[in-house]
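Take a look at the structure below.
Proteins come first, then strands; the chains are lettered A, B, ... in the order of their sequence lines, and each starts at number 1.
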Number of protein chains: 2
Amino acid sequence: MQAALALIDEKGLATFNIRALATTLGVYPAAIYWHVPSRDALVAGAIALALDGVAAHLPQGTWQLRLAAVIRGFRAALRAHPFLAPAVASELATNANFDALLLDHVLAALEDAGFEGAALVDAFNVVIAAMCGFATLELSTAPAGSSAEWQAACRGHIDAIDPVRHPRLARHVGSLRDRAFMLRWSNGSEQPLDSGFEAWVDVVVRGLESRSRMLRRLPRV
Amino acid sequence: MQAALALIDEKGLATFNIRALATTLGVYPAAIYWHVPSRDALVAGAIALALDGVAAHLPQGTWQLRLAAVIRGFRAALRAHPFLAPAVASELATNANFDALLLDHVLAALEDAGFEGAALVDAFNVVIAAMCGFATLELSTAPAGSSAEWQAACRGHIDAIDPVRHPRLARHVGSLRDRAFMLRWSNGSEQPLDSGFEAWVDVVVRGLESRSRMLRRLPRV
DNA sequence: ACCTGAACACCGTTCAAGT
DNA sequence: ACCTGAACACCGTTCAAGT
């Protein structure tokens, strides 16, 4: 798994293959299958390895601080292995390899926030989606093709925005160019969206605060 | 592109291949390459086709309603083509095929919400991440392997939660089982996380409201 | 128990040749 | 301009045979 993770970190997911892994391990490709059932299982193992330890050093403090730390910690772990980002999105959605400690921390924070019953389940899903959503999107990589002309095509498309049909987009394109989702050609490793991410954490925490207050004023269903 | 989208919807992304597409089109595989440079381009085209029209019918109303409609509309479009979800996550991150009308709508709503300058860019990234994050995670599919034993492994892992080490997880596992990210084996097509998604929309909108109020009380940087 | 050696099946992509 | 026909390269996976 460690060798797989190292190879993915080095070359990317698309070019990671069993034969290369076998070479670095000094065995024949078929030998891998004695230890692991499939390539997918190797990727899943690499993900588990990469995200291991997010739950290890979580701070004390208010539930707001603790939830923010979970979301920031997940992003930090993924930033160390950015090529895993696309796999994480599809892998973590339905996954038996969950980190029980991390999930327990999330639940503890949400209980402190005042969520219970069905609202707690909803809030849990909100936090997990918030944890995965921004970071996987930020770090997912461009297609494997030649980046030079692809970047040029991106820039061309962006610079061709019609100020009559899309006035606000045209007005703000200067500050959005290569600094916003869907309008960038650099990925999150080269060009981190740090302030956007902090806004994200802020919005999620404030939103949970506000929703919790709202729910506690209404009669339970 | 339509044929590609139809094939992906039918069989899934992993088993979608050029040869099958050529067969349904009644041509040799090599003929595809006259019209399209690569398999990736076909997937990207299918995504563009699937997400086309999200911006078409957006309602009038408060900025809160309009942003919620964007996030809901994106999920609805993706629900019609769930097999695309994993590709969307990596594809939309850096993408020249953006829908200018949709982005213009988002900017208009955020201007109405009082965001400007650098804070507007951050808020834009928050909204796009919110739009993509929950839906792609909810709809991303399980690994291609045999689902029967895989489901059993998931359930087994969940039912083996240790109530001593993870008391809150153990306490709530009954309501989280197969209804929460990382603790489910069904995917979002079979088992939609509707109430979680509505909580998500609520949290994001409330968070943006709260953040906007906060920013306007502070001196500009 | 764990690995070798070789093979199979599949698939993206290329290319010279057709019309 | 667009497609055929065939081939190449690559890769996940299997399996009988080794030790």
### Query
Do A:Phe124 and B:His172 have ring centres separated by under 6.0 Å?
no

### Query
For the pair made of OH in B:Tyr33 and C1' in D:dG5, what is the distance, rounded to whole Å?
16 Å

### Query
Can you check the B:Asp40 CG to C:dT13 C1' distance for me, whole Å?
13 Å

### Message
Under the criterion salt bridge (Lys or Arg N to Asp or Glu O under 4.0 Å), I'd like the reasoning laid out for B:Asp122 against A:Arg179: C-alpha separation, chi angles, the key distance, then a yes or no.
### Response
CA-CA 9 Å; B:Asp122 290 341; A:Arg179 306 200 114 74; over 6 Å; no

### Task
Both distances under 3.5 Å, Watson-Crick or G-U wobble: report the partner of D:dC2, or none.
C:dG18

### Query
With a 4.5 Å heavy-atom cut-off, do A:Phe83 and A:Leu139 have their side chains touching?
no

### Message
Does A:Arg19 reach a base, just sugar-phosphate, or nothing at all? Heavy atoms under 4.0 Å.
### Response
base

## Note on the structure
Taking a pair to mean Watson-Crick or G-U wobble geometry with both distances below 3.5 Å, C:dC10 pairs with none

### Query
So which nucleotide from C:dT4, C:dG12, D:dT4 ends up closest to the side chain of A:Ala30?
C:dT4

### Query
Between A:Ala31 and A:Phe16, which has a closest nucleotide on DNA chain D that is more 5'?
A:Phe16

### Sidechain-backbone polar pair: B:Arg39 side chain, B:Phe16 backbone, donor-acceptor under 3.5 Å
yes

### Query
CZ of A:Arg39 versus P of D:dT14: gap in Å, rounded?
15 Å

### Task
Report yes if a side-chain nitrogen or oxygen of A:His35 is closer than 4.0 Å to either non-bridging phosphate oxygen (OP1 or OP2) of C:dA1; otherwise report no.
no

### Query
What is the distance, rounded to the nearest whole Å, between atom CD1 of B:Ile18 and atom P of C:dC10?
17 Å

### Query
Closer to the 5' end of DNA chain D via nearest nucleotide, is it A:Thr15 or B:Val27?
B:Val27

### Query
Please give, in whole Å, the distance from C:dT4 P to A:Leu25 CG?
11 Å

### Query
To the nearest Å, how far apart are B:Trp34 CH2 and D:dA1 C1'?
6 Å

### Message
How many whole angstroms separate atom CD1 of B:Ile32 from atom P of C:dC11?
### Response
14 Å

### Query
Hey, is CD on A:Glu190 packed in by over 12 heavy atoms from elsewhere, all under 6.0 Å?
yes

### Task
Report the distance from atom OH of A:Tyr28 to atom P of D:dT19, rounded to the nearest whole Å.
13 Å

